[in-house]
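Input: a single structure, listed below in structure tokens.
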Amino acid sequence: MKLYKKTDSHLFCGHWNDSPVEIGVTHLLKTVPKSESLHSHEYYEYYILLQGLLRMEVEGKTVDVEADTVVMIEPQERHHITWVDPV
């Protein structure tokens with residue numbers, strides 16, 4: 001068993017803390033991070049939207065995500081966050 005503790009980042013766990021998946025908790029995102037750009041990973045990445053709205057581009061398609069939704073980005077899928085509802 002491994003436990004992951006929440007930090008100030010919207011990213012809950014990922015490759016930097018030896019997680020096999022990267023999980024972003026989007027209620028901590030109030031704006032699109034300045035460092036955000038189209039990218040991909042060799043691992044699965046999950047975004048859990050607890051409230052608000054989020055817009056992503058995944059493999060060239062715009063995806064609007066609403067609360068109570070989990071987004072799973074598969075390995076090698078090119079993606080980035082393009083808009084966050086600041087509420």
Side-chain angles (χ1 to χ4, degrees):
M1 180 182 78
K2 180 140 181 148
L3 299 176
Y4 299 98
K5 299 286 186 180
K6 187 169 70 170
T7 66
D8 291 338
S9 170
H10 73 285
L11 297 173
F12 201 88
C13 59
H15 65 281
W16 68 91
N17 62 6
D18 299 323
S19 171
V21 296
E22 183 169 282
I23 300 174
V25 182
T26 57
H27 78 281
L28 299 175
L29 271 180
K30 301 298 182 191
T31 62
V32 176
K34 292 185 187 307
S35 61
E36 185 71 4
S37 63
L38 195 59
H39 63 283
S40 65
H41 309 282
E42 294 181 11
Y43 49 85
Y44 288 89
E45 180 176 15
Y46 291 83
Y47 283 86
I48 303 166
L49 194 61
L50 302 175
Q51 63 186 26
L53 300 168
L54 172 75
R55 184 169 294 133
M56 301 181 80
E57 179 184 332
V58 181
E59 288 295 310
K61 296 178 185 172
T62 299
V63 180
D64 289 328
V65 185
E66 58 188 30
D68 299 324
T69 303
V70 176
V71 177
M72 181 183 75
I73 305 296
E74 297 198 31
Q76 306 308 324
E77 281 189 321
R78 295 182 54 76
H79 63 282
H80 67 128
I81 298 168
T82 59
W83 177 79
V84 174
D85 181 357
V87 175

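Remember, it's a predicted structure, so these values are computed and weren't measured experimentally.
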Original post:
Which hydrophobic side chains are connected to L53, either touching it within the sub-4.5 Å cutoff or through other members that do?
Top reply: W83
Original post:
Got a second to check how far M72's CE is from Y44's OH, nearest 0.5 Å?
Top reply: 5.5 Å
Subject >> Closest non-hydrogen atom pair, S19 against Y4 >> reply: CA-OH, 3.2 Å
**OP:** Please answer whether the main-chain N or O of P33 pairs with a side-chain N or O of E36 as donor and acceptor at a distance below 3.5 Å.
**Re:** no
**OP:** For V32 and I81, work out which heavy atoms get closest and say how close.
**Re:** CG1-O, 3.5 Å
Subject >> Which residues share a side-chain hydrogen bond (donor to acceptor under 3.5 Å, both in side chains) with E57, sequence neighbours left out >> reply: H80
Original post:
Are I73 and V58 side-chain neighbours, meaning at least one heavy-atom pair lies under 4.5 Å?
Top reply: yes
Expected list for residues 59-68: side-chain donor-acceptor pairs under 3.5 angstrom, two or more places apart:
unit_1, atom_1, unit_2, atom_2, d
E59, OE2, R78, N, 2.6
D64, OD1, R55, NE, 2.5
D64, OD1, R55, NH2, 3.3

**OP:** Please name all residues satisfying side-chain contact (heavy atoms from CB on, under 4.5 Å) with E42, sequence neighbours left out, ordered by chain then number.
**Re:** Q76
Original post:
With clusters built from Ile, Leu, Val, Met, Phe, Trp and Tyr whose side-chain heavy atoms come within less than 4.5 Å, directly or transitively, what are the remaining members of the cluster of Y43, listed by chain and number?
Top reply: none
Subject >> Listed partners of H39 passing ring pair (Phe, Tyr, Trp, His ring centres under 6.0 Å), at least two apart >> reply: H41, H79
Subject >> Pairwise distance CD(E74) to OG(S40) - rounded to 0.5 angstrom >> reply: 12.5 Å
Subject >> Qualifying residues under side-chain contact (heavy atoms from CB on, under 4.5 Å), relative to K34, sequence neighbours excluded >> reply: none
Subject >> Separation of N17 CG from L3 CG (nearest 0.5 Å) >> reply: 11.5 Å
